[in-house]
Amino acid sequence: MQWIRNGKKYDTDTAELIWQEYNSVSVPPNEASKSIVRKFYKKRSGECFVVVETKRSILGVERNEKKPEIFTFTEKEAKKWAEENVSVSEYEEAFGKVEE
């Protein structure tokens, strides 16, 4: 997937996937199951972004419920987001070792 934001290109095929989370959402029994997938990427330039996909699954066929969303971060914002959402090892993989 590719986006252009503020004159910069964000591409999930060339960025490094650092972290991902898959959450199932409770829905009534007569509706298709729903899930939200969040993926945190780091570009070669050091910029980071999160892609959020909302999916519906009917009889084993999964489809995007809406167009995937992208959230871009400055390095400072990305570090703050990662501190609150990813493991220590994933954080250090993205930003380097942190002193104790």
Side-chain angles (χ1 to χ4, degrees):
M1 290 180 275
Q2 298 178 334
W3 296 264
I4 295 180
R5 296 289 186 271
N6 300 316
K8 296 179 181 179
K9 185 176 180 179
Y10 296 86
D11 186 341
T12 58
D13 289 335
T14 58
E16 180 183 6
L17 176 62
I18 302 296
W19 170 89
Q20 64 182 344
E21 175 183 67
Y22 183 92
N23 287 312
S24 294
V25 179
S26 294
V27 295
N30 60 338
E31 289 187 25
S33 63
K34 183 176 180 177
S35 60
I36 297 173
V37 181
R38 296 189 308 161
K39 296 179 181 179
F40 179 66
Y41 292 90
K42 184 174 182 183
K43 295 171 45 173
R44 288 181 289 233
S45 66
E47 295 170 271
C48 297
F49 61 102
V50 171
V51 176
V52 179
E53 296 178 82
T54 305
K55 299 179 177 280
R56 289 276 185 174
S57 181
I58 301 172
L59 301 172
V61 177
E62 193 171 67
R63 293 196 169 97
N64 282 337
E65 183 176 67
K66 59 183 181 178
K67 186 177 177 180
E69 297 176 88
I70 181 174
F71 300 92
T72 61
F73 301 104
T74 64
E75 184 175 357
K76 183 178 179 180
E77 292 168 335
K79 285 181 176 182
K80 178 67 175 163
W81 186 91
E83 284 176 7
E84 298 171 1
N85 290 279
V86 306
S87 70
V88 170
S89 62
E90 291 163 327
Y91 182 97
E92 289 183 331
E93 180 183 333
F95 303 109
K97 292 284 184 192
V98 177
E99 291 187 31
E100 291 187 32

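FYI, side chains are in, hydrogens and waters are out, and symmetry mates aren't considered; it's all heavy atoms of this structure.
- Shown here are the side-chain hydrogen bond (donor to acceptor under 3.5 Å, both in side chains) partners of Lys42, two or more places apart in sequence or in another chain: there are none.
- Residues Phe95 and Cys48 are in side-chain contact: their nearest non-hydrogen atoms beyond the backbone lie under 4.5 Å apart.
- Between Lys79 and Glu83 no salt bridge is recorded (no basic side-chain N to carboxylate O distance below 4.0 Å).
- The hydrophobic clustering, which links ILVMFWY residues whose side-chain heavy atoms are closer than 4.5 Å, places Val37 and Val52 apart.
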Side chain to side chain contact (heavy atoms under 4.5 Å, CB included), that's the test. Do Ile18 and Glu93 meet it? Break it down for me. CA-CA 8 Å; Ile18 302 296; Glu93 180 183 333; 4.3 Å; yes

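- The shortest distance between side-chain heavy atoms of Arg5 and Tyr10 falls below 4.5 Å.
- Residues Arg44 and Glu47 are not paired through a salt bridge, judged by the lack of any N-O separation under 4.0 Å between the basic side chain and the carboxylate.
- Under the 3.5 Å distance criterion, the side-chain polar atoms of Thr72 are left unmatched by any main-chain donor or acceptor of Phe49.
- Interatomic distance, NZ of Lys9 versus OG1 of Thr14, reported as 7.0 Å (0.5 Å rounding).
- Counting heavy atoms of neighbouring residues, nucleotides and ligands inside a 6.0 Å radius, atom CD of Glu21 exceeds 12 of them.
- Sorted by first and then second residue, the ring pair (Phe, Tyr, Trp, His ring centres under 6.0 Å) pairs involving residues 14-34 (not counting sequence neighbours) are Trp19-Trp81.
- Between Glu65 and Lys34, at least one side-chain N (NZ, or NE/NH1/NH2) sits under 4.0 Å from a carboxylate O, which counts as a salt bridge.
- Judged by distance alone, with hydrogens and angles left aside, the side-chain atoms of Lys66 form no donor-acceptor pair with the main-chain N or O of Lys55 at under 3.5 Å.
- Across all their heavy atoms, Gln2 and Asp11 have their closest contact at NE2-OD2, 2.8 Å.
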With side chain to side chain contact (heavy atoms under 4.5 Å, CB included) as the criterion, how do Lys8 and Asn6 come out once you've worked through the C-alpha distance, each side chain's angles and the decisive distance to 0.1 Å? CA-CA 6 Å; Lys8 296 179 181 179; Asn6 300 316; 5.5 Å; no

Can Thr12 and Val51 be said to form a side chain to side chain contact (heavy atoms under 4.5 Å, CB included), step by step? CA-CA 9 Å; Thr12 58; Val51 176; 4.0 Å; yes

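- Side-chain atoms of Glu92 come within 3.5 Å of backbone N or O of Val98 as a donor-acceptor pair.
- The minimum heavy-atom distance between Phe73 and Ala78, with the atom names listed, is CB-N, 3.6 Å.
- Contacts of Glu90 classified as side-chain hydrogen bond (donor to acceptor under 3.5 Å, both in side chains), with partners at least two apart in sequence or in another chain: Ser87.
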How far apart are the C-alpha atoms of Leu17 and Lys39, what are their side-chain angles, what is the distance that settles it, and do they pass the side chain to side chain contact (heavy atoms under 4.5 Å, CB included) test? CA-CA 7 Å; Leu17 176 62; Lys39 296 179 181 179; 3.7 Å; yes

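- Distance CD1/Ile36 to CG/Asn23: 7.0 Å, rounded to 0.5 Å.
- Here the shortest heavy-atom pairing between Pro68 and Trp3 reads O-NE1, 3.9 Å.
- Here the CD-NZ distance, from Glu69 to Lys67, works out to 10.5 Å after rounding to the nearest 0.5 Å.
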